[in-house]
Protein chains: 2
Amino acid sequence: MSELNLDIGAHLRAVRTMYGLSQRELAKRAGVTNGLISLIEQNRVSPSVSSLKKVLDGIPMSLADFFTLDFTASPQVFFRSDELAVMGDRSVTYKLVAPRRPNRAMALLHEKYAPGADTGADMLRHQGEEGGVVVEGHIELTVGAETRQLGPGDAYYFTSAIPHRFRNTGVEPCEIISASTPPTF
Amino acid sequence: MSELNLDIGAHLRAVRTMYGLSQRELAKRAGVTNGLISLIEQNRVSPSVSSLKKVLDGIPMSLADFFTLDFTASPQVFFRSDELAVMGDRSVTYKLVAPRRPNRAMALLHEKYAPGADTGADMLRHQGEEGGVVVEGHIELTVGAETRQLGPGDAYYFTSAIPHRFRNTGVEPCEIISASTPPTF
DNA sequence: ACGGGGTGTTCAATATCCTGCACACATCTG
DNA sequence: CAGATGTGTGCAGGATATTGAACACCCCGT
């Protein structure tokens, strides 16, 4: 993301010009005055959210996209298996794919659950959404009130605010590739 | 994303209470008055972006996260391997993990590239970020000017605006589990 | 030279946001 | 019961965003 500390002006101008629109043209589509767009782009005013939304509707672009847009490139693209940062303890290990860059969109993990591994009876709860695919072995996943046994090729996807728990109840290690957003790692 | 058409009030209230903060407590941390937070949560005013940022700083939460957050639960959590929707052609097949719900945070895919499979010389380009881990076989990935050969356990992560291309130049099929955000599937 | 149509900026007036209080209602404690 | 502390809401007035119209500039065709 562009962090966008408070330089909404430059950000809006970049988006507007990227879409090949003049201040007047955008103003007409958005139902605001061209003067307002000029003022916003100079950071001489901090627009109300409703005004900013009107302006973005004229592009069109959602508020979420506006605040999430990124122009900077990711510093590292390729990761050899042995380059991945290893986290966790003996029973559960996570290999983080993305570098620890602030504001990246998601966390991609290569997880290994040893036999008996358990994320704990006090269920996990955090923000965002997560999903994964089982590559090898079996895992018992509890999400909310429901518990299921997942094998190779099986998958899951849920909002992380729902309490959840991973347990390897088998005798083989279990390997999962998962992604979560926003990144909690 | 929560789309968040313009009900910022309810959204802010949900976030604030989720973090266990009172209007006054948040106001103190944010350096604004409690009255303002009350007005915002009732949608009696549309806060300026600068004010909203001040408020979110008190939580703390970024503007991007605020406009991207989703509270709605996923309708389906568990997916058996044979339940996953299969897409693509013979040479490249994608199994989509998440249901086709609007506004989910990301797309999680189980991809299989047959020998010779190629996403094409006219490189792919779209918004967002994507990453993946190779499970089986080998794949040649080009991102921007760089090309690399990836094997089991290797991974990648890049912003999707950079032109990219996947090719299976080997004789074995290649299996990848990938995630992209925002979801393009 | 003169329009005419494009661009972004500036200024007074008006609409809206934001503050600094006071208020009303709860839940404790003595 | 009174009193202290917590919660969210309402209101007048000062601060700021937004409008509508004018301004200055540039480029192109006459």
Side-chain angles (χ1 to χ4, degrees), chain A residues 2-69 71 125 161, chain B residues 2-69 71:
Chain A
S2 49
E3 198 31 36
L4 182 50
N5 261 330
L6 210 49
D7 195 359
I8 290 178
H11 199 70
L12 176 58
R13 177 159 294 182
V15 171
R16 175 175 63 80
T17 54
M18 168 174 292
Y19 279 79
L21 295 170
S22 70
Q23 289 182 350
R24 279 187 164 79
E25 175 63 22
L26 177 54
K28 204 177 71 180
R29 298 194 194 187
V32 300
T33 58
N34 57 313
L36 175 59
I37 294 181
S38 175
L39 293 172
I40 294 174
E41 293 189 351
Q42 296 170 82
N43 287 324
R44 295 169 57 111
V45 300
S46 176
S48 71
V49 172
S50 60
S51 301
L52 181 58
K53 173 160 175 32
K54 274 203 277 185
V55 170
L56 294 177
D57 282 347
I59 290 187
M61 173 176 292
S62 73
L63 284 163
D65 281 353
F66 180 78
F67 285 105
T68 309
L69 251 183
F71 296 112
R125 280 168 131 276
Chain B
S2 51
E3 200 32 38
L4 182 53
N5 262 329
L6 210 49
D7 194 0
I8 289 177
H11 199 69
L12 175 59
R13 177 160 294 183
V15 172
R16 175 176 63 80
T17 53
M18 169 173 292
Y19 279 79
L21 295 171
S22 70
Q23 289 184 350
R24 280 184 163 80
E25 175 62 22
L26 177 54
K28 205 176 72 180
R29 299 194 194 187
V32 300
T33 57
N34 57 311
L36 173 59
I37 295 182
S38 176
L39 293 173
I40 293 174
E41 293 189 350
Q42 296 171 82
N43 287 323
R44 293 170 59 105
V45 299
S46 175
S48 71
V49 172
S50 60
S51 302
L52 182 58
K53 174 160 175 30
K54 274 202 278 184
V55 170
L56 294 177
D57 281 347
I59 290 187
M61 173 177 291
S62 74
L63 284 163
D65 281 353
F66 181 76
F67 285 106
T68 310
L69 253 183
F71 294 113

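Quick note: numbers below take in every heavy atom, side chains included, and nothing from hydrogens, waters or symmetry partners. The chains referred to below are lettered A, B, ... by the order of the sequence lines, with proteins before strands, and numbering in each begins at 1.
The side-chain contact (heavy atoms from CB on, under 4.5 Å) with A:V49 is formed by just one residue from the set B:S46, B:S51, B:S48; it is B:S46.
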Quiz item: Where do A:I59 and A:L56 land on the side-chain contact (heavy atoms from CB on, under 4.5 Å) test, with the steps shown first?
Solution: CA-CA 5 Å; A:I59 290 187; A:L56 294 177; 4.1 Å; yes
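Using a 4.0 Å heavy-atom criterion, one finds that B:S48 contacts the sugar-phosphate atoms exclusively. Within 4.0 Å (heavy atoms only), B:V45 reaches sugar-phosphate atoms of the nucleic acid but no base atom.
Close approach of DNA chain C to chain B, defined as any atom under 4.0 Å from a non-hydrogen atom of the protein, starts and stops at C:dC17 to C:dA22.
To the nearest 0.5 Å, the span separating CG on B:L36 from OG1 on B:T33 amounts to 5.0 Å. From A:E25, atom CD reaches atom CZ of A:R29 across 4.5 Å, with rounding to the nearest 0.5 Å.
Of the possible donor and acceptor atoms, one in the side chain of B:N43 sits under 3.5 Å from a partner among the backbone N and O of B:G9. Although no hydrogens or angles enter the test, the distance criterion places no donor-acceptor pair under 3.5 Å between the side chain of B:R44 and the main chain of B:L39. Put simply, the side chain of B:R16 gets close to the backbone of B:L21: a donor and an acceptor are under 3.5 Å apart.
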Can you name the atoms? Protein N/O to nucleotides 8-10 of chain D N/O, anything below 3.5 Å, with the distance.
{"residue": "D:dG8", "atom": "OP1", "partner": "B:R16", "partner atom": "NH1", "Å": "3.0"}
{"residue": "D:dG8", "atom": "OP1", "partner": "B:R16", "partner atom": "NH2", "Å": "3.4"}
{"residue": "D:dG8", "atom": "OP2", "partner": "B:Q23", "partner atom": "N", "Å": "3.0"}
{"residue": "D:dG8", "atom": "N7", "partner": "B:R24", "partner atom": "NH1", "Å": "2.8"}
{"residue": "D:dG8", "atom": "O6", "partner": "B:R24", "partner atom": "NH1", "Å": "3.4"}
{"residue": "D:dG8", "atom": "O6", "partner": "B:R24", "partner atom": "NH2", "Å": "3.1"}
{"residue": "D:dT9", "atom": "OP2", "partner": "B:R13", "partner atom": "NH2", "Å": "3.2"}
{"residue": "D:dT9", "atom": "OP2", "partner": "B:Q23", "partner atom": "NE2", "Å": "3.2"}
{"residue": "D:dT9", "atom": "OP2", "partner": "B:S38", "partner atom": "OG", "Å": "3.0"}
{"residue": "D:dT9", "atom": "O4", "partner": "B:N34", "partner atom": "ND2", "Å": "3.1"}
{"residue": "D:dG10", "atom": "OP2", "partner": "B:Q42", "partner atom": "OE1", "Å": "3.2"}

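In this structure, NZ of A:K54 is placed 15 Å from P of D:dA17, rounded to the nearest angstrom. At whole-Å resolution of the value, NZ in A:K28 and P in D:dG20 are 16 Å apart.
Nearest heavy atoms, B:K54 versus B:G31: NZ-O, 4.2 Å.
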